[in-house]
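In what follows, every heavy atom counts, from backbone to side chain, and hydrogens, waters and symmetry copies are set aside. Along the sequence shown, residues are numbered consecutively beginning with 1.
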Amino acid sequence: MQKLHDLKEAFSILEIAQPQLVLGSAVAVGGILAYLLLKRREVKSIPIGEGWWGAGDKPLKEDEKIYPFEVQTSDKEIEDLHERIDRTRYSDTLENVCFHYGFNSTYLKEVVSYWRHQFDWKKQVAVLNKYPHFKTKIEGLDVHFIHVRPSHREGQRVLPLMLVHGWPGSFFEFYKILPLLTDTQNGLAFEVICPSIPGYGFSEAPHKQGFDTLAAARVFLTLMERLGFSQFYLQGGDWGSLITTNMAQKKPQSVKGLHLNMFTSRRGFKVLLSMLIGPYLPFLVGFTREDVRRLFPFMEKNIYEILRETGYFHIQATKPDTAGCGLNDSPVGLAAYILEKFSTWTDLKNRDLVDGGLERKFSLDDLLTNVMIYWTTGSIVSSMRFYKENLKTNIDNRVDSRTGIFVPTGLAAFPGELMHCPLSWAKIRFRNIQSYSYMSRGGHFAAFEEPQLLANDFIQFVKKVEKL
């Protein structure tokens, strides 16, 4: 009888609670439906926009033809370089500073001596012309690019790919990786386009303010369309990472896959929580042991180190023309400014070496060829302005920063990159990650420093996307 009484009482309580249960269920179902509706309405692209960066007013019609281009030099250009080098006034270095104060002037004299007496610019021009160069007018600017097609082989599958460089690099960064991508492997090869960002190298500099990564992305989308590619892959690091990401946001239907070797995510509660918990309970916030090793101690690796290495960033984002004036006039000053980045950004430990470890991963011929692209085109100031144009306002408030990336994405995390972004953070922004790799070695200039590693990671990513 007691059990019967208890059962009757339970049913009476249930009857009283029924309206509340119904209401709670309705709220829960409504919440789920609202979430799904919001998910469906989530913005998955950003406006393509339009622009004009040429001198003067925009004409009614623009020449859309593509013209062959060849890198050239002259005895007069080389003589001027040598005369300026010979007039260089060096500063005395402090004792035992290695590269902690910047480019060590004692080692700089060795590099400049090689540049003056052994470096053969005419030979390197021939190396640059190894691949076909072109120019075409887009939004008022002569846009330079190289276009490399693979040799035809029976049964091969050829996929279009654009590689985009950053600062202080150039299209030449990709010369070592190009043969690894254009040679057929297991029936797969790539037709590669490497443009120069407007204001860099042989691409014309914008004549008007405001040319940022969104504008560069639109220009490069136009370039791919003009070349006849409706779908293609993208790969980038440094500014190239943001430009290619913007391309994927502007025209996701055209981007088959996006591969990056530098990437960041949004800040927020999840990131803050993982910074607090990560060192102690990494599995709770999706960190691996490698994430913990690369991220912590957080203040040292992500605040103090960044402050030590981003003085250039603040200058270029505020008064690029002032600092650029001296760099554009002095080849030795330009070389020191650029090459110091190829030392430190490859490995922060290089600051402890008298020669900055510069020749451990690069040859002086390759490094000086990149410097010469800036010197002969007089493009250092316009390349520095790209920072100013992108950082005039808070970049986190831009439409691209508030919009996710939904195309298939591959991420290669190199251990020497200035900032590490764990997979759990990357997922906040990149919504379709197909591949995330902890690279065994290498730094910021991945294609230049570790072309085989980068090529391998890119190819395995493409095979996943293509289901090969």
Side-chain angles (χ1 to χ4, degrees), residues 71 99 103 111 114-115 119 124-125 127-128 130-131 133 144-146 148 161-183 190 192-197 200-202 234-244 259-263 309 312 334-350 355-375 377 379-380 383 412-418 437 439-459:
V71 181
F99 261 59
F103 206 107
V111 173
Y114 179 88
W115 193 8
F119 179 77
Q124 294 307 111
V125 165
V127 170
L128 291 177
K130 173 183 177 182
Y131 296 115
H133 293 247
H144 162 261
F145 63 97
I146 59 172
V148 188
L161 163 66
M162 176 178 278
L163 304 174
V164 184
H165 67 89
W167 188 93
S170 65
F171 67 93
F172 181 61
E173 284 181 68
F174 300 115
Y175 268 47
K176 290 181 181 179
I177 200 173
L178 280 170
L180 304 177
L181 297 171
T182 55
D183 287 350
F190 297 91
V192 186
I193 295 87
C194 298
S196 294
I197 300 169
Y200 288 69
F202 300 106
L234 298 170
Q235 203 290 322
D238 196 86
W239 282 124
S241 169
L242 190 47
I243 292 169
T244 53
H259 187 273
L260 307 173
N261 57 274
M262 179 182 173
F263 47 95
E309 294 303 323
Y312 83 97
L334 178 67
Y337 195 69
I338 288 177
L339 296 185
E340 184 258 319
K341 303 308 177 193
F342 283 88
S343 163
T344 310
W345 293 358
T346 298
D347 189 340
L348 292 175
K349 293 177 182 176
N350 284 341
D355 63 356
L358 205 56
E359 295 175 70
R360 290 185 172 188
K361 290 292 184 75
F362 311 109
S363 72
L364 286 181
D365 278 345
D366 285 345
L367 290 168
L368 290 170
T369 296
N370 183 64
V371 172
M372 286 294 287
I373 290 171
Y374 280 87
W375 175 254
T377 58
S379 59
I380 187 61
S383 75
F414 282 84
E417 187 56 84
L418 288 175
S437 305
M439 308 306 286
S440 58
R441 62 184 182 274
H444 186 72
F445 304 98
F448 205 37
E449 181 191 350
E450 295 289 350
Q452 188 68 64
L453 282 181
L454 184 61
N456 290 346
D457 194 72
F458 175 74
I459 291 168

- [ ] Check Val125 against Val71 and note the closest heavy-atom contact, atom names and distance.
- [x] CG1-O, 3.3 Å
Open item on the list: Using modelled atom types and a 3.5 Å cut-off, is there a donor and acceptor pairing between side-chain atoms of Asp238 and backbone atoms of Trp167?
Closed with: yes
Task: Check: Met262 main-chain N/O paired with Glu417 side-chain donor or acceptor under 3.5 Å - done: no
Open item on the list: For Asn370 versus Ser170, what's the shortest heavy-atom pair and its separation?
Closed with: OD1-OG, 2.8 Å
TODO: Taking Thr344 for its side chain and Lys341 for its backbone only, find out whether a donor-acceptor pair lies under 3.5 Å.
DONE: no
Task: Residues which pass side-chain contact (heavy atoms from CB on, under 4.5 Å) with Thr369, listed by chain and number, not counting sequence neighbours - done: Phe119, Trp121, Gln124, Leu128, Phe172
- [ ] Determine the interplanar angle of the Tyr131 and Tyr175 rings, folded into 0 to 90°, and report it as parallel if under 30°, tilted if 30 to 60°, perpendicular if over 60°.
- [x] perpendicular
Open item on the list: How close do Leu178 and Cys194 get, counting heavy atoms only, and between which atoms?
Closed with: CD2-SG, 4.2 Å
Task: Where at least one partner belongs to residues 170-181, residue pairs that pass salt bridge (Lys or Arg N to Asp or Glu O under 4.0 Å), sequence neighbours excluded - done: Lys176-Asp366
Open item on the list: Tell me every residue that passes ring pair (Phe, Tyr, Trp, His ring centres under 6.0 Å) with Phe202, counting only those two or more places apart in sequence or in another chain.
Closed with: Phe69, His144
Open item on the list: The criterion is side-chain contact (heavy atoms from CB on, under 4.5 Å); which residues satisfy it with Arg360, sequence neighbours excluded?
Closed with: Leu353
Open item on the list: Please enumerate all residues that pass ring pair (Phe, Tyr, Trp, His ring centres under 6.0 Å) together with Phe103, with sequence neighbours excluded.
Closed with: Phe99, Tyr107
Task: NZ/NE/NH1/NH2 to OD/OE distance under 4.0 Å, Lys361 and Glu450 - done: yes
TODO: Provide the closest heavy-atom pair for Ala413 versus Phe263 in the form atom of the first, atom of the second, distance.
DONE: CB-CZ, 4.1 Å
Task: Side-chain donor or acceptor of Tyr200 paired with backbone N/O of Ser383 under 3.5 Å - done: yes
Task: Under the side-chain contact (heavy atoms from CB on, under 4.5 Å) test, residues paired with Ser437 that sit two or more places apart - done: Ser435, Met439, Asp457, Gln460
Task: Minimum heavy-atom distance Leu453-Ser440, with the two atoms named - done: CD1-OG, 3.9 Å
Open item on the list: Testing the basics here: between Phe171 and Pro195, what is the closest heavy-atom pair and its distance to 0.1 Å?
Closed with: CB-O, 4.5 Å
